[in-house]
Amino acid sequence: ALKPVDEITRMARRIGAENLNERLSIHVPHDEIGRLAATFNEMTARLDASFKKIKQFTADASHELKTPLTELKGEIEVSLRAEQSVNGMKDVLVSSLEEIDRMSYIVQNLLDLARADVEKTGAKKQVRLDLVVGERFEQVKRMAIEKGLTLNLEENMALTVLADEIRVGQLVFNLLDNAIKYTPA
C-alpha cells in the first residue's frame with residue numbers, strides 16, 4: 001500500500017532545478033495517494049515554469065544592459081586613443097551620460113519588477129501620487145536638459161490615490177520619457 005509513497009519520495013529526491021520537466025508516472029487510484037501524486041506533478045510544473053521565466057528574465061536583462069555598456073566602453077576607448085578637442089570630449093561625455101541614463105532606466109525597471117514580485121503587484125493601496133511624480137521627474141530631468149528641453153514641475157500638490165504604486169510609477173516615467181523623446185529641442 002505504501003509503494004506509491006516510496007516512489008513519490010524517490011522522485012522528489014531526484015528532482016532538481018535541472019530536471020523540473022520530469023513528472024511522476026505512477027498509476028494510483030484517485031484516493032489520497034493519487035491526489036498527492038497529482039499535486040506533486042502540478043507543483044513541479046509550476047516550479048518548472050517559474051525557473052523558465054527566471055532564466056528568460058535574466059537573459060533579457062543581461063542583453064538589455066550589455067548594449068549600453070558596450071557602447072559606453074567603445075566610445076570611451078576611442079576617445080582615449082584619439083586626440084580630441086574639448087568639444088569632442090564633451091560629445092563623448094554627453095553620449096556616455098545618455099547610455100548611463102538608459103542603463104538607469106533598465107535597472108529601475110528591474111527593481112520595479114523585483115518589488116512587484118515581493119509586494120504582489122496589482123494590489124491597490126493608498127499611493128501619494130505627488131511623491132511618485134516628484135521622484136520620476138527628478139529621474140528624467142537630466143535627460144530633458146541634454147536634449148535641449150526645459151522640464152518644469154510647476155504644480156505637484158499632495159494627492160493620494162488608490163492604485164498599484166509600481167505601475168503608477170512606470171506610467172509616470174513612460175509619459176515623461178516619451179514626452180522628452182518626441183519633443184524637438
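Please read these numbers as outputs of a predicted model, since none were measured by experiment. In this chain, residues are counted from 1 in sequence order.
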Partners meeting salt bridge (Lys or Arg N to Asp or Glu O under 4.0 Å) with R10 (sequence neighbours left out): none
Pairs meeting criterion ring-ring contact (aromatic ring centres under 6.0 Å, His included) with involvement of residues 163-185, two or more places apart: Y105-F173
Of all pairs that satisfy salt bridge (Lys or Arg N to Asp or Glu O under 4.0 Å), the ones with a partner from residues 146-161, not counting sequence neighbours: none
With sequence neighbours excluded, residues passing side-chain contact (heavy atoms from CB on, under 4.5 Å) with L162: K124, Q126
Side chain to side chain contact (heavy atoms under 4.5 Å, CB included) assessment of L65 paired with V107: CA-CA 8 Å; L65 288 171; V107 169; 4.1 Å; yes
Residues in salt bridge (Lys or Arg N to Asp or Glu O under 4.0 Å) contact with K73, at least two apart in sequence or another chain: E77
Those residues that, when tested against R128, pass salt bridge (Lys or Arg N to Asp or Glu O under 4.0 Å) (two or more places apart): D130
Residue pairs passing the side-chain hydrogen bond (donor to acceptor under 3.5 Å, both in side chains) test where at least one lies in residues 86-96, sequence neighbours excluded: E75-S95
Separation of N152 CG from K141 NZ (nearest 0.5 Å): 9.5 Å
ring-ring contact (aromatic ring centres under 6.0 Å, His included) partners of residues 142-172, not counting sequence neighbours, each pair once: none
Pairwise distance CZ(R136) to CG(D177) - rounded to 0.5 angstrom: 11.0 Å
In one Ile/Leu/Val/Met/Phe/Trp/Tyr side-chain cluster, 4.5 Å: L153, V140: yes
M11/T44 under side chain to side chain contact (heavy atoms under 4.5 Å, CB included): CA gap, chis, key distance, verdict: CA-CA 11 Å; M11 181 75 169; T44 307; over 6 Å; no
Residues which pass salt bridge (Lys or Arg N to Asp or Glu O under 4.0 Å) with R14, listed by chain and number, not counting sequence neighbours: E22
Pair listing, ring-ring contact (aromatic ring centres under 6.0 Å, His included) test, anchored in residues 129-168, at least two apart: none
Spacing of CD1 belonging to I100 relative to CZ belonging to R142, to within rounding of 0.5 Å: 7.0 Å
Gap between atom CG of L131 and atom CG of N156 - 0.5 Å precision: 8.0 Å
Cluster companions of I54 among Ile, Leu, Val, Met, Phe, Trp, Tyr (side-chain spacing under 4.5 Å): none
Expected output: side-chain N178 to main-chain N174 donor-acceptor under 3.5 Å: yes
Listed partners of Q170 passing side-chain contact (heavy atoms from CB on, under 4.5 Å), at least two apart: N109, D112, I166, R167
Non-hydrogen side-chain atoms of L176 and Q139 separated by less than 4.5 Å: no
